[in-house]
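Comments concern the structure below.
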Amino acid sequence: MSLDTLRASRLGCYGYGKPTSPHIDRIASEGVLFERAYATDIPTEVAHTGIFTGKVGLRTGVVSHGSPLMQLPKSESWLPTLLRSGGYTTAAVDNLYQLKEWFARGYRYYINSVGKQRQIDGQTVNELAFSWIHEHKEENFFLFLHYWDTHSPYLPPSQDARQFYEAGRDPFDPSNTSMKAAYNHAAYPFFKHHHYEHLGPVTDAEYVNALYDAEIRYLDDRLRELDQVLVQEGLYDDTLLVLFGDHGESLTEHDIYWDHCGLYETTVHIPMILRWPGRLPSGRRIGGLVQQTDLMPTVLEAAGLQTPQGLDGRSLWPSIRGEEDGTRDTVFLSECAWQASRGILTREMKLIRTVDSGPFRRPSRELYNLRTDPGETINLAGTNTALADELEHSLDSWVADVLDGRPDPMETQLRFGLPFKNRIHEILLQYGLTWEEWLSDPRQERFDEAVAARQAGRKEPS
């Protein structure tokens, strides 16, 4: 189960104090939770490609989301294909095929979850999945479910939202200015349509955070329903459940407003939980570093199938059995959609190197001590240059080793521009603004006036 945009630190089993995830917490108590699981590539397209290939984006060439340049060679090993060849009936309730064709590879049944409404609701995913499970419960199957409820726009049922927002507080209070930074951000033209207009004239940023928490609670209820169906169909004890986030979500941290870019913990630290009654220990928590690519060899080993050579992922089973603590001492990170950055993470330190900051303002190097500064608020790159240089050298060496003389796909993408920067520019051009003009003065009223003028058929203001 891919729980799109689910941030680990907003779950009870990862230490959050609000009741967002009672059923996910129960799943964790019945299985194995990985405390430090990471998305090596973000966001959605590249994360899922890594999960199903067992390889990082630098190796497959798929490093960017929303880019027509990205193509996955058909020669790459693909988890559903391997499982189908191994005798499993394979199915997905998913919509990623609409983004890239390779996400439908290997499935005997591909059920597109997109309906008439723009947002994909977990209830729809469940309805499609439950009927399929009932029809195929006598078969050995692999079923991929992709839930989008915690992705923006956050539109939870009103009763769920009230659980996480202070009673009597007004989300539209004109004296509250906490949304001002989000509304006057360079990315505003994109989020105005994709998020803010769905919420109304919100002035309180904490209300938007409460909506995110409410979406988690809504998703949690859908997972509880799924478990009920597994019990009813007699499948609960025979099913290996693999739950993960493809990436997290920044909730105003680091100048990122309800989106999933930046190689900070809010986005790259993900939930990863496995449950298999009688075959996995209950309540085990593993503190060592693991990454999403580790899921492919883990699932193949559970299925009794051979793991392909040349994967970046390593089986989680030694850690599950208590023989190891995690699968590695270093995790390498990458993004190339809103920003172009690479990072290196050790058990204690993280270095981020930004090549193109897109609509954000970023130093070229950031160094954080995650043990003493888990919120990544103190950049040590200028004061601990020796360690920053050492980590950057390790990052460069890893990149060169993986590429082995091949062109760097991030550099190729940057010649055509960052996909989301290009999207904002296309939006701006509709209203008589260029990227450079907008970036020099990114005010909400300036863009809103341009939109209103265009809609009224008037010339856009200068």
Side-chain angles (χ1 to χ4, degrees), residues 1-16 18-52 65 79 92-96 99 103 113 119-126 128-129 142-156 160 211-227 229-230 239-251 258-260 265-275 290-292 294-295 298-299:
M1 301 185 301
S2 174
L3 311 180
D4 207 289
T5 320
L6 182 60
R7 174 170 158 173
S9 63
R10 302 298 271 208
L11 301 177
C13 52
Y14 281 89
Y16 194 46
K18 295 181 180 180
T20 54
S21 56
H23 191 74
I24 294 175
D25 299 345
R26 178 182 173 183
I27 293 172
S29 72
E30 297 171 343
V32 179
L33 180 147
F34 294 88
E35 295 178 341
R36 300 196 68 192
Y38 283 88
T40 53
D41 295 273
I42 61 169
T44 302
E45 287 181 17
V46 290
H48 286 90
T49 301
I51 289 163
F52 288 123
H65 174 98
L79 179 60
V93 181
D94 178 40
N95 70 310
L96 288 177
L99 301 178
F103 289 112
S113 54
Q119 190 183 31
I120 300 170
D121 192 290
Q123 184 176 348
T124 300
V125 174
N126 278 359
L128 296 170
F142 169 79
L143 176 62
F144 172 56
L145 304 181
H146 191 176
Y147 293 90
W148 287 85
D149 300 281
T150 48
H151 194 288
S152 62
Y154 311 146
L155 301 171
D160 288 345
L211 293 178
Y212 179 76
D213 284 348
E215 287 283 25
I216 299 176
R217 183 54 185 264
Y218 179 80
L219 170 62
D220 192 76
D221 286 340
R222 307 290 76 76
L223 302 186
R224 174 177 50 80
E225 293 168 353
L226 173 62
D227 261 352
V229 168
L230 293 179
T239 300
L240 168 60
L241 191 72
V242 180
L243 180 157
F244 63 87
D246 63 336
H247 50 71
E249 187 83 319
S250 287
L251 307 173
W258 308 288
D259 195 58
H260 28 273
E265 294 293 283
T266 53
T267 296
V268 297
H269 178 213
I270 56 157
M272 186 185 293
I273 302 168
L274 278 65
R275 185 193 69 197
V290 302
Q291 63 188 43
Q292 287 174 334
D294 297 334
L295 289 172
T298 303
V299 171

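Keep in mind that the numbers below use all heavy atoms, side chains included, and drop hydrogens, waters and symmetry copies.
- Proximity of a side-chain donor or acceptor of Gln292 to a complementary backbone N or O of Phe52 within less than 3.5 Å is not detected.
- Across all their heavy atoms, Thr267 and Ser250 have their closest contact at OG1-OG, 3.5 Å.
- Geometrically, Arg10 does not engage Tyr14 in a cation-pi contact defined by less than 6.0 Å to the ring centre and at most 45° from the axis.
- A distance of 7.5 Å separates CG in Asp213 from CG in Leu251, rounded to the nearest 0.5 Å.
- Leu274 places a side-chain heavy atom less than 4.5 Å from the side chain of Thr298.
- The distance from the CG atom of Asp220 to the OG1 atom of Thr150 is 11.5 Å, given to the nearest 0.5 Å.
- For the residue pair Thr124 and Ser113, no side-chain donor N or O sits within less than 3.5 Å of a side-chain acceptor on the partner.
- With Trp148 as reference, Asn95 is the one residue of Thr5, Asp4, Thr44, Asn95 to meet the side chain to side chain donor-acceptor pair (under 3.5 Å) rule.
- Judged by distance alone, the side chains of Ser2 and His48 do bring a donor and an acceptor atom under 3.5 Å apart.
- For Asp149 (side chain) and Gly122 (main-chain N/O), a donor-acceptor pair under 3.5 Å exists by modelled atom type.
- In terms of heavy-atom proximity, Ala129 sits nearest to Leu145 at CB-CD2, 3.6 Å.
- Within the model, atoms CG of Leu3 and CG of Leu223 stand 5.5 Å from one another, a figure rounded to the nearest 0.5 Å.
- The shortest heavy-atom contact between Glu45 and His65 is N-ND1, 3.1 Å.
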Fill in: Derivation and outcome, salt bridge (Lys or Arg N to Asp or Glu O under 4.0 Å), residues Arg224 and Asp227
CA-CA 5 Å; Arg224 174 177 50 80; Asp227 261 352; over 6 Å; no

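- Expressed to the nearest 0.5 Å, how far CZ of Arg7 lies from OG1 of Thr266 amounts to 5.5 Å.
- Listed for the Ser21 side chain is a donor-acceptor partner under 3.5 Å among the backbone atoms of Gly12.
- In this structure, CE on Met1 lies 7.5 Å from CD1 on Ile24, to the nearest 0.5 angstrom.
- When all heavy atoms of Leu6 and Pro271 are compared, the pair lying nearest together is O-CD, 3.2 Å.
- In this structure a side-chain-to-backbone donor-acceptor pair under 3.5 Å is present from Asn126 to Arg222.
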Worksheet item: Checking side-chain contact (heavy atoms from CB on, under 4.5 Å) for the pair Tyr38/Val290: CA distance, chi angles, key distance, verdict?
Response: CA-CA 6 Å; Tyr38 283 88; Val290 302; over 6 Å; no

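- For the atom pair CZ (Arg275) and OG1 (Thr239), the distance works out to 8.0 Å, reported to the nearest 0.5 Å.
- The closest side-chain heavy-atom distance from Thr49 to Phe103 is below 4.5 Å.
- Using a distance-only test at 3.5 Å, with no hydrogens or angles considered, no donor-acceptor pair links the side chain of His23 to the main chain of Arg217.
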Discussion item. Before you tell me yes or no, could you show the steps for Leu79 and Leu295 under side-chain contact (heavy atoms from CB on, under 4.5 Å), namely the whole-Å CA-CA distance, both residues' side-chain angles and the distance that decides it to 0.1 Å?
Written reply: CA-CA 10 Å; Leu79 179 60; Leu295 289 172; over 6 Å; no

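- Annotation for Ile273 and Ala28: closest pair CG2-CA, 3.8 Å, computed over non-hydrogen atoms.
- Between Pro43 and His260, the shortest heavy-atom distance links the atoms CB-CD2, 3.7 Å.
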